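As structure tokens, the structure follows; a few thoughts come after it.
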There are 2 protein chains.
Amino acid sequence: MTDDGRLLRGRRSREAILGQAVSLASVEGLDGLSLSRLATALGISKSGFFAHWRDKEQLQLDAVDWAVRQWTERIISPALHAPRGVRRLFALHEARLRFYTDRVLPGGCFFLTVQTEFDDRPGPVRERVSQAMRDWLALLRRVAAEAVECGDLRPDVDPAQLAYEIEALGELAVAHSRLFREPQAITYSRRAVLQRLRALCPDPALLPED
Amino acid sequence: MTDDGRLLRGRRSREAILGQAVSLASVEGLDGLSLSRLATALGISKSGFFAHWRDKEQLQLDAVDWAVRQWTERIISPALHAPRGVRRLFALHEARLRFYTDRVLPGGCFFLTVQTEFDDRPGPVRERVSQAMRDWLALLRRVAAEAVECGDLRPDVDPAQLAYEIEALGELAVAHSRLFREPQAITYSRRAVLQRLRALCPDPALLPED
DNA sequence: ATACTATATGAACGATCGGTCGTTTAGTTT
DNA sequence: AAACTAAACGACCGATCGTTCATATAGTAT
């Protein structure tokens, strides 16, 4: 049943397609991405997509889910190995910056691209992207709240406010580093979050000097 | 010479087209924007563009310049009325947030959209956008440096670092407020910059409480 | 009135878009 | 071997893309 060669082949195809779709979409966006270019990049035929997805929108939705999975595996999971509190919060930020500097995606950040692409057009893709970003921000907020609870951060810190700041300082790092073709923005981003956290953290030993 | 009715009419047409192009591009991007939709939005014919621009790329370049002009008129110039120093720096941030909440552009921010759209594709448009953002960041940096020089901000403040932070906290405000359909991000953005500046500013009277 | 120029149009072009359809290939079941 | 199924293909569709071109209109110059 599970070792049906046809189903296995299909799943591999879908995954290969989704991986390439996320890569290309990080550059051109989910709508800017055309099925023809996606097909030629994979060496397959254009009509083959419709054996797996009803239309382009379904593929876009699955691509968002695939990008969420990639983000979880490469950023969230590793950072969760850091000890609870402010160190875990900073680990999330550093893992994100490493994701950018490692050039995992040719366009830098899938979510920044599709977020600005779809934030003004109604539809299922927009809702899916919106939910993904809500989930990510909720995670940042929760980890920040944990840092307050365990005493790493001063008790008057607003976790939602702090989550917004970390997200903003992180997202623009990839945008500037690519637009200006220089890694300067990554340095600013890291230092900004670090200084901010150190200012809110009574124990200076929990965070690196710089 | 200057009162040639034909040239006047042509200039008005170009300005009307550029204004609409910037508006539409703030939603769909400069490339996502199609000449057909731009023409129908203006009630003119599609082929009329080529009386004013050689091709679409020339129109895109002029649209960037037009957006810079709008940004200068609506954000930079008003903020320069604030007194030199930290108050002028915060005035720039508040003018930007007002630009967003006033819904001047249907897509929120032209520059965020085209920046993420073109940061990975080489070409003249990319270079023009890149230069526009460099200029804007240079202005933020200069105003921040002035604030340090005149003693508003502590002498150890790095103006380039601070400019990056203000830009990041400002850009994501429009992205989040639109993606989540709630103005919360604007509040976070304002408070983040305000708290950051107050922490660096010896004289608390220069900035509002919150 | 005539010649000239800037602005705008409608019809058409080749290219590409997302999508359909009938067929073939690969693998499973009986 | 025959029947069946999932996956992939090539050919083709109507729509839309940016662009060209011949032409018409509007305003200036002689």
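Numbers restart at 1 for each chain; the letters A, B, ... are given by sequence-line order, proteins then strands. Computed over heavy atoms, backbone and side chain alike; hydrogens, waters and symmetry mates excluded. These numbers were taken from a predicted model, which means no experiment stands behind them.
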Open item on the list: Both A:Arg37 and A:Phe50 contact DNA chain C. Taking the nearest nucleotide for each, which residue is further toward the 5' end?
Closed with: A:Arg37
Open item on the list: Could you report the tightest heavy-atom contact between B:Leu112 and B:Glu171, atom names first, then the distance?
Closed with: CB-OE1, 3.5 Å
TODO: Search all heavy atoms of B:Thr113 against all heavy atoms of B:Ala25 and return the closest pair with its distance.
DONE: CG2-O, 3.4 Å
- [ ] Rounded to the nearest angstrom, tell me the gap between atom CG in B:Leu33 and atom C1' in D:dC17.
- [x] 12 Å
Open item on the list: Distance alone, cut at 3.5 Å: any donor-acceptor contact between the side chains of A:Gln131 and A:Glu127?
Closed with: no
Task: B:Trp71 ring center near B:Phe99 ring center (under 6.0 Å) - done: yes
Open item on the list: Output the rounded distance in Å from CG (A:Asp55) to P (C:dT20).
Closed with: 8 Å
- [ ] Compare all side-chain heavy atoms of A:Leu92 with those of A:Arg96 and state whether any distance is below 4.5 angstrom.
- [x] no
- [ ] Ignoring backbone atoms, test whether A:Arg12 places a side-chain nitrogen or oxygen under 4.0 Å from the OP1 or OP2 oxygen of D:dA7.
- [x] no
Open item on the list: Between C1' on C:dG19 and CG on A:Leu59, what's the gap in Å once rounded to a whole number?
Closed with: 13 Å
Task: Nearest-Å distance for atom pair CD/P, residues A:Glu15 and D:dA7 - done: 13 Å
TODO: Kindly indicate, with the supporting measurements, whether the criterion side-chain hydrogen bond (donor to acceptor under 3.5 Å, both in side chains) is fulfilled by B:Gln161 and B:Arg141.
DONE: CA-CA 8 Å; B:Gln161 170 76 35; B:Arg141 211 178 311 128; over 6 Å; no
Task: Nearest-Å distance for atom pair CZ/C1', residues A:Arg54 and C:dC21 - done: 18 Å
- [ ] Take atom NZ of A:Lys56 and atom P of C:dC17, then tell me their distance rounded to the nearest Å.
- [x] 9 Å
Open item on the list: Please encode protein proximity along nucleotides 1-12 of chain C as a string of B, S and -, counting only heavy-atom distances under 4.0 Å.
Closed with: ----BSSBBB--
